[in-house]
Number of protein chains: 2
Amino acid sequence: MGRLISDTVEDYLKMIFDLSAETDRVSTGMIADALNVSPASVTDMIQRLATEDPPLLDYIKHQGVALTDEGIKIALEIIRHHRLIELFLHEVLGYSWDQVHAEADRLEHVISEDFEERVAAVLGDPLRGLHGKPIPTASLEMPDQNTSYLLDMRPEQHGVIHSVNDDDPDFLRYLEAQGLVPGAKFSIVDFSPYDNNLRLRLSGQDQEIVLGMGVTTQVQVEVLDFES
Amino acid sequence: MGRLISDTVEDYLKMIFDLSAETDRVSTGMIADALNVSPASVTDMIQRLATEDPPLLDYIKHQGVALTDEGIKIALEIIRHHRLIELFLHEVLGYSWDQVHAEADRLEHVISEDFEERVAAVLGDPLRGLHGKPIPTASLEMPDQNTSYLLDMRPEQHGVIHSVNDDDPDFLRYLEAQGLVPGAKFSIVDFSPYDNNLRLRLSGQDQEIVLGMGVTTQVQVEVLDFES
DNA sequence: TTATAATTTTAGACTATTCTAAATTCCTGT
DNA sequence: ACAGGAATTTAGAATAGTCTAAAATTATAA
Ligand SMILES: [Mn+2]
Ligand SMILES: [Mn+2]
Ligand SMILES: [Mn+2]
Ligand SMILES: [Mn+2]
């Protein structure tokens, strides 16, 4: 208990956790891109984190990193902070869903456990964040989700929007305008193999919308067995 | 607009502002004590702040510093954040008045102007903080207060508690238990010149309480012309 | 007025985080 | 199997903030 973790390290661990959803091992380059720092800085940092007292990363030279259990703990703590804060900013202070992320990205590092608990209580211990992502529990269990990317759906299939990537405010405003918010049900109408465009109809709406990979890679869905 | 001020610099400026209430020029040693860093670190920092592009401090070697207008601006901004956050934590999240300070001391550096505005709005644009101190306005005017220290009051005088120093949670719990909270009216019953103890009676209470300098130097009062 | 004490400043060093440029290693396509 | 090219790591350096120990300055008080 009580290691001294800087904001910077917290952001590295959080980002590595996110990137780990894609690949088993996360490469130096991926981290550098995601955090907007040079690859050299990343190499430095991951080597340091891999040799901390309890190592936070498992690092193999030239083969990227994976979080240790210790590293996952810290990442989940910060992710819990982040998603609780986003919800709180929206519910209590009236932030729109495209404004919350940037603010939460700073606040997540400085709130106390007490603050976390009080916010969770005020919000009624929510299970999902403002953008649909699950919120790790107080004991740092991440509820597992059975989701896939909208990208991978095909005509005839039905689904519900589960969650959306939240780092680009413009993108979030676009999604909201289209009705592409967590909980929205839809069915796939058409698929264009060459550009990977998907045409879909949101339930209750007449109009169909066509989405390219810029959108479909950023939206997670739950595939439904039957229309409802 | 848009200088890059670190949290550390913000804390230095805020502390120098507070200390300036006592002395015109603030010494290296005072700052070092207050911030719990070595005098050498303070010298380093104040020399740097005095040579910033618009200087934040006016520094004369061996004679301490005074804030420039630019430095005051930044200090007031942070103090506004701090006091709004303390009130918010109390009102919205149910923090007790001894718990808010530590949390606010970290949050004050990371909230946006938007956050500040929204919190101020939710609280109804308060003029005074949880511990009685005035809150700088949105345009960074500090409402001036006509207060003196409880220390300097003498028998026969009446007064109202204006504000109390809030950095020690134990002290705040003690004050609250005694009923020594902002707004409480009292009259001085007795003064002991050798130990500077004051005996006073809170209006509406029978019992008298005796306070030493450990308390009377930490409490600001408004002296009343007549009892009320 | 002068020695001693207190305060402040300087010198030198350390950690955390980042960078650029150069060296190394890995991968891929012929 | 191997030559480029891509990715990664190393080397060297910068900045912010801190420290301790030594030097310099100012204050105090006999
Ligand atoms: Mn977010
Ligand atoms: Mn962050
Ligand atoms: Mn405070
Ligand atoms: Mn602070």
Whole angstrom value for the distance that separates [atom2] of [N] from [atom1] of [X]:
| X | N | atom1 | atom2 | value |
| --- | --- | --- | --- | --- |
| I46(A) | dT9(D) | CD1 | C1' | 10 Å |
| D33(A) | dA6(D) | CG | P | 15 Å |
| I60(A) | dA7(D) | CD1 | C1' | 16 Å |
| D44(B) | dT8(C) | CG | C1' | 12 Å |
| Q63(B) | dT25(D) | CD | P | 14 Å |
| I31(A) | dT9(D) | CD1 | C1' | 14 Å |
| N36(A) | dT18(C) | CG | P | 11 Å |
| L49(B) | dT18(D) | CG | C1' | 15 Å |

So, is [X] close to the [N] phosphate, meaning a side-chain N or O under 4.0 Å from OP1 or OP2?
| X | N | answer |
| --- | --- | --- |
| S38(A) | dT18(C) | no |
| S6(A) | dA16(C) | no |
| Q47(B) | dT10(C) | yes |
| Y59(B) | dT8(C) | no |
| Y12(B) | dA16(D) | no |
| T8(B) | dA16(D) | no |

Ring centres of W97(B) and H90(B) under 6.0 Å apart?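 Not close enough - the centres of the two rings lie 6.0 Å or further apart.
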
In B/S/- notation (B base, S sugar-phosphate only, - none; protein heavy atoms under 4.0 Å), nucleotides 21-26 of chain C written 5' to 3' is B---SS

Taking side chain as C-beta onward, heavy atoms only, is [X] less than 4.5 Å from [Y]?
| X | Y | value |
| --- | --- | --- |
| K14(B) | D105(B) | yes |
| E103(B) | I85(B) | no |
| Y59(A) | L49(A) | no |

Any carboxylate oxygen within less than 4.0 angstrom of a Lys/Arg side-chain nitrogen, looking at R25(B) and D58(B)?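 Yes.
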
Give the table of side-chain donor-acceptor pairs shorter than 3.5 Å for residues 144-153 of chain B, with sequence neighbours excluded, one pair per line with atom names and distance.
from: Y149(B); atom 1: OH; to: E22(B); atom 2: OE2; distance (Å): 2.7

Parallel, tilted or perpendicular, as decided by the 30° and 60° cut-offs, for the rings of F115(A) and F88(A):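 Perpendicular, since the angle between the ring planes exceeds 60°.
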
Select base, sugar-phosphate, or nothing to describe what T43(A) touches, counting heavy atoms under 4.0 Å on all strands.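 It contacts base atoms.
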
Classify the nucleic acid contact of T28(B) as base, sugar-phosphate or nothing, counting any heavy atom under 4.0 Å across all strands shown.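 T28(B): backbone/sugar contact only, no base atoms under 4.0 Å.
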
Quick one: on DNA chain C, does P39(B) or M45(A) contact a more 5' nucleotide (nearest heavy atom)?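 That would be P39(B).
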
